[in-house]
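The structure appears right after this line, and notes come after that.
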2 protein chains.
Amino acid sequence: MMEERSQGDHLEGSGDCAAPSRREVRRESRRDAILEVASASFLENGYAGTTMSGIAAELGGSKGTLWSYFPSKDLLFGAVLDRVTDAFRQQLTLTLNAADPIETALTKFCTKYLTKLTVPQSIALHRLVIGEAARFPEMGRIFYERAPWKTQELLAGYLEAAMDCGKLRRHDSFAAAQYLTSLCIARSHQQLVSGVIDELPADRIREEVDHAVTVFLRAFRP
Amino acid sequence: MMEERSQGDHLEGSGDCAAPSRREVRRESRRDAILEVASASFLENGYAGTTMSGIAAELGGSKGTLWSYFPSKDLLFGAVLDRVTDAFRQQLTLTLNAADPIETALTKFCTKYLTKLTVPQSIALHRLVIGEAARFPEMGRIFYERAPWKTQELLAGYLEAAMDCGKLRRHDSFAAAQYLTSLCIARSHQQLVSGVIDELPADRIREEVDHAVTVFLRAFRP
DNA sequence: CCATCATCGTACTTTAGGGTACGTTTTCGC
DNA sequence: GCGAAAACGTACCCTAAAGTACGATGATGG
């Protein structure tokens, strides 16, 4: 039942200096599996509500193995947040088409933004980060830089260009970006994170975005 | 060393049907002391970070007494949030002077609003409520109704009147109120709750408010 | 094939903390 | 004053959960 190892060796030796031996690969994928399970648990149950034993059980593995990857709950939590905020940022591949008329471009952008921001997973992440910010100060900073700041900076670039073309009144572009994103979430985000409502239906998203963009343009058009 | 009780009896019997006997008074003040200590601890350390034993110790009393007032940690937490959100709402005695020009009235209102909202105590309350909203669903709802909703409704009333006078363009007044409060916190609140910054200096508050009111009026003036 | 390293299963230790029990002391109502 | 109710002090129970130990059972690399 043994296949020739030479095949594997050949692949391994194919010009790559950092040897990704089978063990390394396996280790990496195991680590990933742990983070997957842990992310789900932390997002669903919060920090205190998540147990290491529970994660180990769900993984099917033993506790010793889990500890060999993450020697403490805090470290695991850190790794989870790192991964989750990163995924959050990546999924938020926001596009601003300079060819579109400004109202269209902003509407598209805001729709994607609000859609992403209001799914239960995002709300859970917000709750987790904000709830633990006092106990894990670094984490809050990292999250802020990766998610809200990044988004606003992207938007600010577009707005800056629009100001240069005279399509928008001149103003601190980063502040303007903060105003637009804030207008988008003005009516619903507080209710979502407080648990007053659970989700934002698509038609309400469209409505909120339309109003937000209208208000924004009324204030920022030359 | 015993003074005559008849004095106390006289006071007690002075026409009040609901007898506030010394015991009742004492009980009430003890309950208050407990809530005071517990509030501080929950706000500073979060739900999981607060221990019943710690509260009892800080009170100087015994655990039995604490449990005789609040038979479980959950119930104590509920009472604390009730008290704290109520206090929050009361301290936010926002005034809108209909005699002032609209820009002045809104600037005054927003300054008070943002000042109150950015002190560390408010940030701690936000973190607590949002962080535990998933585990204590009722609580999130109560908080939302008492604090953000109440404020926005008050503001909406003023805006509605201003619209009636033709000082503002006609629009859903509650939505307009949400937009104004949102513009006030647009630039700093996220950073505060994430722990990127700890406080908002007075001059920055003034700046944020001025900009927010300007943007708002540009969008909502007829 | 064999040495090695990872994983598994499981049992264990330890600590924290919610909650209880109870005898003693203080306070209060009358 | 006296009896009842509340508060105190303290020791205790019990469970959950972080983290450890270790021998058995694989998988990997040479």
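When reading the values below, keep in mind they use all heavy atoms of this one structure, side chains included, and skip hydrogens, waters and symmetry mates. Labels below follow one simple rule: chain letters A, B, ... track the order of the sequence lines, proteins then strands, and each chain is numbered from 1.
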Please check if the side chain of [X] supplies one atom and the backbone of [Y] the other of a donor-acceptor pair under 3.5 Å.
| X | Y | value |
| --- | --- | --- |
| B/Arg141 | A/Gly195 | no |
| B/Ser122 | B/Lys116 | yes |
| A/Thr118 | A/Leu114 | yes |

With DNA chain C as reference, determine whether B/Lys73 or B/Arg26 sits nearer its 5' end, using the nearest nucleotide of each.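 The answer here is B/Lys73.
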
5' priority, DNA chain C, between A/Ser62 and B/Gly49 [closest heavy atom]: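 Upstream on the strand: A/Ser62.
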
Which whole-number value in Å describes the distance from [X] [atom1] to [N] [atom2]?
| X | N | atom1 | atom2 | answer |
| --- | --- | --- | --- | --- |
| A/Trp67 | C/dT14 | CH2 | C1' | 13 Å |
| A/Ile55 | D/dA17 | CD1 | P | 12 Å |
| A/Leu66 | D/dT20 | CG | C1' | 13 Å |
| B/Asn45 | C/dG17 | CG | C1' | 14 Å |
| B/Leu75 | C/dG19 | CG | P | 9 Å |

Looking at every strand, decide which applies to B/Gly54 at a 4.0 Å heavy-atom threshold: base, sugar-phosphate, or nothing.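 The residue B/Gly54 makes no contact with any strand.
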
Tell me what A/Tyr69 touches on the nucleic acid: a base, only sugar-phosphate, or nothing, going by heavy atoms under 4.0 Å.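 Counting heavy atoms under 4.0 Å across all strands, the contact made by A/Tyr69 is with sugar-phosphate only.
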
Think [X] has a side-chain N or O under 4.0 angstrom from the OP1 or OP2 of [N]?
| X | N | value |
| --- | --- | --- |
| B/Arg27 | D/dA7 | yes |
| A/Arg30 | C/dC8 | yes |
| A/Thr65 | C/dC8 | yes |

Look at the rings of A/Phe143 and A/His126 and say which category their plane angle falls in: under 30° parallel, 30 to 60° tilted, over 60° perpendicular. perpendicular

Is there a donor N/O on one and an acceptor N/O on the other, under 3.5 Å, for the side chain of B/Lys63 and the base of D/dG9? no

Whichever of A/Met52 and A/Gly64 has its nearest DNA chain D nucleotide further upstream toward 5':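 In this pair, the answer is A/Met52.
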
A side-chain contact here means heavy atoms from C-beta on lying under 4.5 Å apart; do A/Tyr179 and A/Val215 qualify?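 Answer no - side chains too far apart.
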
